[in-house]
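Here's the structure we're looking at; comments come further down.
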Amino acid sequence: MTDRVSWTVEATLKPGQADAFRDLMGEMVASTRDGEPGAQRYEWFIADDSVHILETYTDAEAGLIHLGNLGQTFAERLMSLAELTRVCVYGEPTDELRAALAGFGAEFREPLGGFVR
């Protein structure tokens, strides 16, 4: 199929944190766009206090790089503004990436069929 790995993150904003969250999101998007060439998709969506993030990386190594950057730079602030409610992983992550994402309570979905262009 492909070496790409993707995941969705669902989170609920903590009360009164919408503006701070939007500011942090802007920083995170810029950092990922400009500093992580393996990030193919990094899109954020919001409805009321519910946020969904769609992420796709060229391979597991690119996903690990992103998680490292997240942990070093943004995780503490992110967790102070929102509560993760679900992480769902698609593809075939390496054992190392699987272990890193499992720390977020991730659910894993194995490829079944289809195609990527």
Side-chain angles (χ1 to χ4, degrees):
M1 301 233 346
T2 177
D3 288 338
R4 280 187 262 204
V5 63
S6 300
W7 57 81
T8 58
V9 176
E10 297 177 21
T12 301
L13 296 179
K14 293 181 180 178
Q17 298 301 324
D19 289 340
F21 186 84
R22 286 178 187 272
D23 291 343
L24 178 60
M25 182 267 322
E27 291 178 46
M28 292 177 70
V29 168
S31 175
T32 301
R33 180 190 60 233
D34 299 340
E36 298 178 25
Q40 294 182 320
R41 179 180 194 173
Y42 193 63
E43 295 181 290
W44 296 54
F45 301 88
I46 191 166
D48 298 319
D49 66 349
S50 177
V51 175
H52 287 202
I53 308 165
L54 305 179
E55 306 183 37
T56 300
Y57 300 91
T58 54
D59 54 26
E61 182 61 31
L64 284 167
I65 289 169
H66 176 73
L67 291 176
N69 291 338
L70 171 73
Q72 290 177 355
T73 310
F74 300 109
E76 188 174 322
R77 284 192 296 161
L78 180 62
M79 296 307 174
S80 74
L81 302 174
E83 179 181 339
L84 292 182
T85 55
R86 186 174 192 192
V87 177
C88 195
V89 182
Y90 308 93
E92 298 180 270
T94 60
D95 290 343
E96 186 179 8
L97 180 57
R98 183 178 284 271
L101 290 165
F104 296 102
E107 304 168 19
F108 296 90
R109 305 284 190 254
E110 300 296 326
L112 181 62
F115 66 91
V116 175
R117 292 181 194 231

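Nearest heavy atoms, Pro111 versus Gly91: CD-O, 3.5 Å. Smallest separation of non-hydrogen atoms from Ser6 and Thr56: OG-OG1, 2.9 Å. Across all non-hydrogen atoms, the minimal contact from Ile53 to Val51 is CG1-CG1, 4.2 Å. Considering all non-hydrogen atoms of both residues, Ala100 and Leu64 come closest at CB-CD2, 4.1 Å. For the residue pair Val5 and Pro93, the shortest heavy atom distance occurs at CG2-CB, 4.2 Å. Pairing each heavy atom of Val89 with each of Ala106, the nearest pair is CG2-CB, 3.8 Å.
Proximity of a side-chain donor or acceptor of Thr12 to a complementary backbone N or O of Glu83 within less than 3.5 Å is not detected.
Taken from CD in Gln17 to CG in Asp23, the straight-line distance is 11.0 Å, to the nearest 0.5 Å. The OG1 atom of Thr32 sits 7.0 Å away from atom CZ of Phe74, with the distance rounded to the nearest 0.5 Å. Taken from SG in Cys88 to CD in Glu10, the straight-line distance is 8.5 Å, to the nearest 0.5 Å. The distance from the CE atom of Met28 to the CG atom of Leu70 is 5.0 Å, given to the nearest 0.5 Å. Separating the CG atom in Asp49 from the NZ atom in Lys14 is a distance of 12.5 Å, to the nearest 0.5 Å.
At a threshold of 4.5 Å between non-hydrogen side-chain atoms, the residues His66 and Tyr42 count as touching.
Hydrophobic cluster membership differs between Leu78 and Ile65, with clusters built from Ile, Leu, Val, Met, Phe, Trp and Tyr side chains linked at under 4.5 angstrom. Grouping the Ile, Leu, Val, Met, Phe, Trp and Tyr side chains by contacts below 4.5 angstrom, directly or via other members, places Leu24 with Met79. One hydrophobic cluster, built from ILVMFWY side chains closer than 4.5 Å, cannot hold both Leu101 and Leu54; they sit in different ones.
Applying the salt bridge (Lys or Arg N to Asp or Glu O under 4.0 Å) rule to Arg77 yields the partners Glu27; only residues at least two apart in sequence or on another chain are considered.
When the shell of 6.0 Å around CD of Glu76 is examined, it contains 12 or fewer heavy atoms from other residues, nucleotides or ligands. When the shell of 6.0 Å around CD of Gln40 is examined, it contains more than 12 heavy atoms from other residues, nucleotides or ligands. Heavy atoms from other residues, nucleotides or ligands lying under 6.0 Å from CZ of Arg22 number 12 at most. The neighbour count for Asp19 CG, taken as heavy atoms of other residues, nucleotides or ligands under 6.0 Å away, does not exceed 12.
Of the candidates Phe104, Tyr90, Tyr57, Tyr57 is the only one forming a ring pair (Phe, Tyr, Trp, His ring centres under 6.0 Å) with Trp7.
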